[in-house]
Trainee: 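If you scroll down you'll find the structure; I have some questions about it.
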Amino acid sequence: METLTKETKQMEKRKTTRLSGSEAVIQSLLHEGVDLIFGYPGGAIMPIYDALYDYHEQLHHVLVRHEQGATHAAQGYARVTSKVGVCFVTSGPGATNAVTGIADAMIDSTPLVVISGQVTSPLLGTDAFQETDVVSITKPITKWNYQVTHAEEIPEAIAKAFYIARSGRPGPVVIDITKDAQFGQLDFSYSPIKHIRSYTPVPKVNPDNIEEAARLINLSKKPMALIGQGVILGKAEKELVAFLEKSGMPAAWTLLGLSALPSDHPQNVGMLGMHGHYGPNVKTNEADLIVAIGMRFDDRVTGDVNKYALNAKVVHLEIDPAEINKIIYADVPVLGDVKESLPLLTEKVTSNSHQEWLNEFNACYKIEHQKIINKEINPIKEKMTMGEVINKVSGVYNDDSIMVTDVGQQQMMAARYFKFKQSRSVVTSGGLGTMGFGIPAAIGAAMGQPDRPVCLFVGDGGFQMTIQELGTISQTKAPVKMVLLNNSFLGMVRQWQELFFDKRYASTELTNPDFQTIAKGYGISGEKVTARENLDEAIERMKQHQGAYLLEVAVEKEGNVFPMVQAGASVSDIRLE
């Protein structure tokens, strides 16, 4: 009887249910564990929204004010949770408004599933009202995309979308569903996908390459680890620390690798790249070995590739074969998930300290601290600096909050002066550099980690690109602490104009609105600080306030971010002023 009962249960599980295509979308998302969706309704996706109406207790929907906001919010949610972010958008302009966020997610390896409504199948290709060829438009900026024209395709398409989005090197997937497929009927059953023929998201680790990589590490006198976001995506933070502490080598990080290693770890020597720290940049060309871990040698890290790491062998740990030798030749490529490959490498590495080599980085830091850092965080000038404000906010939050940034000078300053204790504490737009990313991404981060404070650093330019998402904050009551660093300029562009275009400030000075009045109109509290003596108390009031808060700080108009490696220059030619 017991066996019969088990067989009966198995048969019950295999039974199908008659559903509409739109309800099949909702049921498929529930099978994937989705509980939060960001979106904006419209005609072509209205059947799905109608189905969602009956599932509001299981699936929470966040109504953003623009489809770009939906994608960035989903990115913020995905980055802090390691889950797949989900968006609903309608056809035509709804889908094209989402393109920026999809492209951002692709280059920054963020797992998204974007479900777009589409005109009915008979109208495809007729230039119907609100029709665009979403599949063709998003093909270059997605891991996979697919157009559903029959209701029966929906469960498998969504299962495949989630598998592809989250597996291997993560990224965005777009599922475009025609309106007739949403209205159509199907016998619904759902089976999560765990394998797709010809798709190998995680390459097998080659033991011979592990042996050769360990041999180079053990022979090196001046090794240097470069930490990328792959460590965070692979959840390999503990494995990274074990490798570093056994090998003894200094470790620098990319912008998206920030927070993979605690800020106060003794082997953490700072940020790489254009506005990174002095030591990691100049020492790159003195290292005899570069161990790149889950990073892609972006041009902002390498500068002139013909003058990059000239004295070093390169070991490259990477999950995506397309990144091997794409920019920098790898003497030893180690393909695979770093959570698997790092422990194998650590086992073969000889214990070492490299203290003298680390001391050289420390000496560089002292020079940088004297010439730049101390002047930035303890300025004697009348006007407040961005670094000063960010450093104070970081201290008040005990280095334990999630830092979200927009793009520009405040992004680089936040990366330099905000400190971290735990991983998945940074949400920023890296590869695409999307102004307007900050506000919606902070909303997603706050919803993904409701028990952690979320601090957004944003400039007055980027703030106005998605300022309408203050309405989303107001409606959802997302407790985002927004620090608006107002210099009345498009600061990073102005800095380049100062340094490389003879101070010809073409179209970079801003006439700004009263941001506090706008925030108040959305029911968001805040204050503006114009004098240094009021800053500390204002930051404390922001921290103590329950709910969202806009702290606007008037900072120096023509402040610059240093150090700086000029575009196309060698990392050794980093400027301190």
Trainee: Run the numbers on E318 and K326 for salt bridge (Lys or Arg N to Asp or Glu O under 4.0 Å), then give the verdict.
Mentor: CA-CA 12 Å; E318 175 60 48; K326 186 175 84 173; over 6 Å; no
Trainee: When the ring planes of Y549 and H545 are compared, do they come out parallel, tilted or perpendicular, using 30° and 60° as the limits?
Mentor: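 It falls in the tilted class, 30° to 60°.
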Trainee: Using atom types as modelled and distance alone, determine if a side-chain donor or acceptor of Q464 lies under 3.5 Å from a backbone N or O of D460.
Mentor: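 The answer is yes, because a donor-acceptor pair under 3.5 Å joins these two groups.
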Trainee: Only one of D104, T405, T110 forms a side chain to side chain donor-acceptor pair (under 3.5 Å) with S429, so which one is it?
Mentor: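 The single option meeting the side chain to side chain donor-acceptor pair (under 3.5 Å) with S429 is D104.
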Trainee: With distance as the sole test, does Q68 use its side chain to make a donor-acceptor pair with the main-chain N or O of T100 at under 3.5 Å?
Mentor: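 Checking the backbone N and O of T100 against the side chain of Q68, no donor-acceptor pair under 3.5 Å is found.
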Trainee: Looking only at atom types and distance, does a side-chain atom of E67 sit under 3.5 Å from a main-chain N or O of N97, one as donor and one as acceptor?
Mentor: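 Here the side-chain-to-backbone pair does not exist.
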Trainee: Calculate, to the nearest 0.5 Å, the distance between atoms CD1 and CD1 belonging to I102 and I107 respectively.
Mentor: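 Result: 14.5 Å between the selected atoms.
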Trainee: Counting N and O atoms only, with roles assigned by atom type, does the side chain of S394 sit under 3.5 Å from a partner on the main chain of I390, one being a donor and the other an acceptor?
Mentor: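 No; judged by distance alone, with no hydrogens or angles, the pair does not exist.
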Trainee: If you round to the nearest 0.5 Å, how far is CZ of F297 from OG1 of T254?
Mentor: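 One gets 11.0 Å once the value is rounded to the nearest 0.5 Å.
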Trainee: So is K83 actually on top of Y77's ring, under 6.0 Å and inside 45° of the axis?
Mentor: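 No, K83 and Y77 do not form such a contact.
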Trainee: Is it the case that atom CG in D514 sees more than 12 heavy atoms from other parts of the structure closer than 6.0 Å?
Mentor: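 Counting neighbours around CG of D514, more than 12 heavy atoms of other residues, nucleotides or ligands fall under 6.0 Å, so yes.
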Trainee: Counting N and O atoms only, with roles assigned by atom type, does the side chain of R79 sit under 3.5 Å from a partner on the main chain of A445, one being a donor and the other an acceptor?
Mentor: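 No, because the side chain of R79 does not come within donor-acceptor range (under 3.5 Å) of the backbone of A445.
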Trainee: Counting only N and O atoms by type, is there a donor-acceptor contact under 3.5 Å from the side chain of H56 to the main-chain atoms of Y53?
Mentor: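 Flag set: sc H56 to bb Y53 pair under 3.5 Å.
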Trainee: Determine yes or no for a side-chain-to-main-chain donor-acceptor pair under 3.5 angstrom, with D176 supplying the side chain and Q147 the backbone.
Mentor: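 Checking the backbone N and O of Q147 against the side chain of D176, no donor-acceptor pair under 3.5 Å is found.
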Trainee: Among V561, V404, T428, which residue satisfies the side chain to side chain contact (heavy atoms under 4.5 Å, CB included) criterion with Q411?
Mentor: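 The residue from V561, V404, T428 that satisfies side chain to side chain contact (heavy atoms under 4.5 Å, CB included) with Q411 turns out to be T428.
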Trainee: Looking at D406 and G459, would you say the former's side chain and the latter's main chain have a donor-acceptor pair under 3.5 Å?
Mentor: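 Pair absent, no side-chain N/O of D406 close to backbone of G459.
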Trainee: With sequence neighbours excluded, tell me which residues meet side-chain contact (heavy atoms from CB on, under 4.5 Å) with D337.
Mentor: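 By the side-chain contact (heavy atoms from CB on, under 4.5 Å) rule, D337 matches V202, I319, K339.
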Trainee: Is a side-chain N or O of S20 found less than 3.5 angstrom from the main chain of E23, in a donor-acceptor match?
Mentor: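 Side chain of S20 to backbone of E23, a donor-acceptor pair under 3.5 Å: yes, one is there.
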Trainee: Write out all pairs satisfying ring pair (Phe, Tyr, Trp, His ring centres under 6.0 Å) with one or both partners inside residues 450-486, taking only residues at least two apart or from two chains.
Mentor: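 Applying ring pair (Phe, Tyr, Trp, His ring centres under 6.0 Å) to every pair that reaches into residues 450-486, excluding sequence neighbours, yields F418-F457, F463-F515.
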